[in-house]
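What follows is a short report on a single structure.
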Amino acid sequence: MATLIPRAPPPNTHRHFLHRPPTLSPQLRLRLPVRRLRLASPVVAIATVTAAVPPDDISQLNNRLRALVRRRGVSSAATSPMDPAQAEAYLHMIREQQRLGLRQLRRHAAEPEYERDVGSNGEDEEEGGGRRKGMAARSSLGHRVDPRELEPGEYVVHKKVGVGKFVCISGEDGEDYVFIQYADAMAKLAVDQAARMLYRYNLPHEKKRPRNLSKLNDPSTWEKRRLKGKLAVQKMVVNLMELYLQRMRQRRPPYRKPEAMDQFASEFPYEPTPDQNQAFIDIENDLTERETPMDRLICGDVGFGKTEVAMRAIFIVVSTGYQAMVLAPTVILANQHYDVMSERFSNYPDIKVAIFSGAQSKDEKDELITKITNGHLQIIVGTHALLTERMAYNNLGLLVVDEEQKFGVQQKEKIASFKASIDVLTLSATPIPRTLYLALTGFRDASLMSTPPPERVAVKTYVSAFSRESALSAIKLELKRGGQVFYVVPRIKAIEDVLQFLKDSLPDVPMAIAHGKKVSKNIQLAMEKFSCGEIKILICTHIIESGIDIPNANTMIVQYAELFGLAQLYQLRGRVGRSGREGFTYLFYTDKSLLSRIAMDRLGAIEEHSDLGQGFHVAEKDMGIRGIGSMFGEQQSGDVANVGIDLFFDMLFDSLSKVDQFRLKPIPYKDVQLDINISPHLSSEYISYLENPVELLNEAAQAAEQDIWNLMQFTEDLRRQYGKEPRDMELLLKKLYVRRMAADLGISRIYPSGKMIIMKTNMSRKVFRLMEETMASETHRNSLSFTGKEIKAELLVNLPDTLLLNWLFHCLADCYAIMPALVRY
Ligand SMILES: Nc1ncnc2c1ncn2[C@@H]1O[C@H](COP(=O)(O)OP(=O)(O)OP(=O)(O)O)[C@@H](O)[C@H]1O
C-alpha cells in the first residue's frame with residue numbers, strides 16, 4: 001500500500017480542506033490501517049463538500065451497509081463468508097440435533113407444553129404448507145390457536161390477512177363459522193379453516209392492542225409486515241450461526257478432568273435433579289473434551305439449582321490452575337455467591353475465594369487487585385466493578401455471568417469480548433419453553449433445568465386487596481413458625497411508610513430495609529443480618545428479585561402488586577419456598593376499582609400458576625420472548641409486536657429448521673465478468689491532483705477484491721482527503737462496487753442483451769425470491785425475473801452504458817440488503 005503523506009492544502013482553493021476531516025470511529029481504525037493520501041499539486045477545486053450537499057449514491061450505500069452491520073451488533077469479520085467445510089459440519093450437527101429434539105418433543109407431546117413440530121422435514125410452509133397445517137393444527141405441536149378457545153375481543157392473526165379481532169363463532173346451515181373483525185370488513189371463516197390459519201396476537205393474559213387492525217381488502221400491507229417479521233427472524237438465525245462458527249475458530253486445549261472431581265461432586269449435600277446431572281455432563285464435556293472455549297447458557301427456573309452447576313465448572317477450571325470470575329448483577333447477589341462458594345470450596349484450601357465490589361475502599365480494592373494479578377486468588381466474585389480496566393488477571397480461564405440481561409450495554413460488550421478467549425458460562429432464571437430449547441439446540445449451547453429439587457413444595461399464592469390486618473396476620477404466621485419475611489414494595493418512597501407501620505405493629509421484631517439507592521455497605525449489612533436470621537423482616541424493593549436464596553425466609557408480602565410486571569412477580573415469588581418448607585406469597589393490590597384489566601389478569605395468572613416449574617408454563621410466552629432475548633439478544637420485541645408472538649415463534653422454528661436452504665455461494669471477485677463497455681478516463685486535472693494516481697487506482701481495485709468493507713473504507717478515505725471525486729472517478733468506483741456486490745451475491749457474469757441485462761448466478765430460486773421480497777424499489781423488483789441460472793432484468797429502454805452502470809449499481813445495492821439473512825459459504 002502506498003504511504004501517502006498529507007500536504008497542506010493551497011490557500012482558499014479547496015473549501016473542503018478547511019473543514020476538519022471527520023474522525024474515524026475507533027472500530028474502523030482497528031479494521032483497517034488508516035490510509036494517508038496526499039495532494040500532488042495545488043489545483044482548482046474539483047469538488048467541494050459542504051454540509052448542504054446531499055449524500056451521493058456511494059455514501060448512501062456505505063451508510064446503509066454500516067447501519068446493517070451495526071444493527072446486528074456483529075463485527076465485519078462475522079459478515080464475511082464462512083468456511084464451507086465448517087459450515088457444512090455445523091449444519092449437519094444442527095440437523096442431527098433437531099432430529100433428536102423432534103423425537104424428544106414427540107415423546108413429550110402429551111405434556112401440556114408449548115410445543116411444535118420443529119424441523120420436521122424441511123417442508124416449505126409457504127409452498128406446501130397446506131399439507132402440514134392440517135397436522136399441526138390437530139397435534140399439540142402447533143402454535144395455531146383453536147378458535148373455540150378464543151374469547152370475544154381477543155386479537156388474532158390470520159397468516160394471509162393479518163391482525164383482526166375475534167368476534168364470535170356462529171352456526172349457519174349446520175356449519176360453524178368464525179367471525180373476525182378487520183379494519184374495513186368482517187371476515188367469516190369455516191372453523192376448520194380458521195384452526196389452520198389463526199394465531200393469537202398476544203401472550204396469554206396480555207391485552208396489548210395492536211397498532212392497527214389489518215384490512216381485509218388490502219392484503220399487501222399485511223404481506224409487507226409479515227415479510228418484515230420473517231426477514232428479521234431469518235437474519236437472527238443467520239447471525240447466530242455466524243457467531244457460532246466464529247467462536248468455533250477459537251482454540252484452547254481442553255482442561256484435564258480433576259482427580260478430585262468425584263470427591264467434590266460427592267460433597268454436594270443434595271441428590272442432584274436429573275436436569276442438574278445433565279448440566280454437569282454438558283459443562284464437563286465443554287471443558288474437558290472440546291477445544292473451543294465454552295459459551296453455554298444454563299437456563300433454569302428460579303431456585304432449581306444453577307449455582308451448583310456453575311461451581312462444578314469452576315472446580316474443573318481452578319483445579320487446572322486457572323482463575324474463575326463470577327459476575328453478579330447486584331451487590332446482594334455477589335455477596336450471596338461469595339458466601340455460598342466460600343462454603344462449598346472450604347475443603348480445598350488451595351482454592352481461595354474473594355469478593356470484589358464497588359462497596360470496598362480503594363485500599364481494599366488495590367490489595368485484591370494485587371492478589372488477583374499475582375494469582376493468589378482463584379475465584380473472584382463481584383459486580384460489574386470486576387469489568388473495569390484496572391483488573392489484570394494472572395490466568396483467567398472461566399467467566400460465570402449470572403443474569404446477563406441485567407447488565408448494561410457496555411458491560412455486555414465487555415462480557416462478549418471475554419467470549420473470544422476464555423470459557424463463559426451464563427446463568428439465566430428466565431425459563432424458556434422446552435420447544436424453543438429443543439429447536440435451538442445446535443444454534444446455541446444451552447442446558448435447560450426444568451425439574452425442581454425433590455423436596456420443593458409449591459409456593460402458595462394469594463391475591464387480594466391490601467389491608468393492614470391481612471398483611472400482619474401473614475407476617476405473624478411466618479414468625480410463629482420461626483421463619484422470616486420479605487416485604488416488597490415497588491418504590492423506595494413507600495418503604496418508610498411500611499417500616500413505620502410495621503414498627504408500630506410489631507415493635508419487638510427486628511427489621512431492616514434494602515433498596516438500590518442505599519449505600520452498598522448498608523445493604524450488605526442488612527442482607528447479612530437477614531441472611532443469618534438476626535433480622536426477621538426485610539422491607540425492600542425488587543432489588544431482591546434476582547437470585548437471593550434465604551432458605552428460612554418463606555413468606556413474601558408484595559404491596560402495590562399491581563405495579564409489578566408478570567416476570568418480576570414470578571421472579572419475586574421465586575425467592576421463597578426454596579428449601580423444603582412451604583412458601584407463601586401474598587400479592588396485595590391497592591383498590592380493585594382502580595385496577596386496570598391488564599394488572600388484574602397478571603395477578604390472576606400468577607395466582608393460577610403456582611405449581612412448581614410453572615415458570616415454563618406460566619410465563620411460557622412472556623418469558624419465552626425474554627428467553628429469546630437471552631438466546632439471541634434483546635432486539636426482537638419490535639419484530640414480535642409486528643406479527644404477534646405465535647406467528648413469530650412459528651417463523652422462528654421454520655427458519656431454524658431450514659437455515660441451509662438460504663445458502664448463497666459467493667464468487668471470487670476475479671471471476672466476475674462485467675461486460676459493460678465503460679472505461680472511465682480520469683481528467684488530467686484530477687490525475688495531477690492525486691499524489692500517486694496509478695497506485696491509488698491499484699489500491700482501489702485491491703480493496704474491492706478484498707471485500708465490500710475495504711472498498712467502502714477506501715472510498716471514504718479518498719473523499720476524506722480529496723473531497724468528492726469527479727464523475728469519471730465515481731463511475732470507476734461504481735464499477736468496482738458493482739463487481740464486488742455481484743461477487744458477494746453469487747453473480748458471475750453481467751451483460752446487456754438488447755433491453756435486458758442478464759446476470760448469471762448460482763443463486764437458488766428460494767434465495768432469489770427472498771431477495772426479491774426484500775428489495776425496497778418496486779421498479780427494480782418488477783424488472784427482475786429468474787430462470788434458474790440467470791437473473792434477467794428487463795429495462796424499458798436501451799440505456800447507454802453509463803446509465804446502465806448506474807442502474808446496475810442501484811439494483812445490486814437493493815439486492816444487497818438480503819445479505820444478512822443469508823448463510824454464505
Ligand atoms: N438438587 C437439589 N436438591 C435440593 N436442594 C437443592 C438442589 N440443588 C440446589 N438446591 C438448593 O436450592 C436452593 C436454590 O439453588 P440455587 O441458588 O442454585 O438456585 P438458582 O437456580 O441459582 O436460582 P435463582 O435463579 O433464583 O438464582 C439453594 O439453597 C440450593 O442449595
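Ligands are counted one by one from 1 in listed order, and the atoms in each one are counted from 1 as well. Worth knowing before you read on, the calculation uses all heavy atoms, side chains too, and leaves out hydrogens, waters and symmetry mates.
- Side-chain N or O atoms of Gln360 include one that pairs as donor or acceptor with a backbone N or O of Ile355 at under 3.5 Å.
- Where the criterion is an N or O separation shorter than 3.5 Å, residue side chain and backbone included, Gly305 meets it with respect to ligand 1.
- Between Glu582 and Lys460 there is a salt bridge, since at least one side-chain N of the basic residue sits less than 4.0 Å from a carboxylate O of the acidic one.
- Shown in contact with Phe304 at under 4.0 Å from a heavy atom are these atoms of ligand 1, numbered in order with element: 19 (O), 21 (O).
- Considering backbone and side-chain N/O of Asp549, one or more are found under 3.5 Å from N/O of ligand 1.
- Within ligand 1, counting atoms from 1 as listed, the ones closer than 4.0 Å to a heavy atom of Pro272 are 1 (N).
- Taking distance alone, with nitrogen or oxygen atoms compared against 3.5 Å, Thr307 approaches ligand 1 more closely than that limit.
- No salt bridge links Asp549 with Arg575; every basic N to acidic carboxylate O contact stays at or beyond 4.0 Å.
- Backbone and side-chain nitrogen or oxygen atoms of Gln276 are examined, and one is located within less than 3.5 angstrom of a nitrogen or oxygen of ligand 1.
- Aromatic rings from Phe466 and Tyr560 are positioned such that their centres are separated by 6.0 Å or more.
- Side chain to side chain, Arg256 and Thr288 fail the donor-acceptor criterion of an N or O pair below 3.5 Å.
- Short contacts between ligand 1 and Arg575, defined as distances under 4.0 Å to a heavy atom of the residue, involve ligand atoms 26 (O).
- At least one donor-acceptor pair under 3.5 Å links the side chain of Gln276 to the backbone N or O of Thr273.
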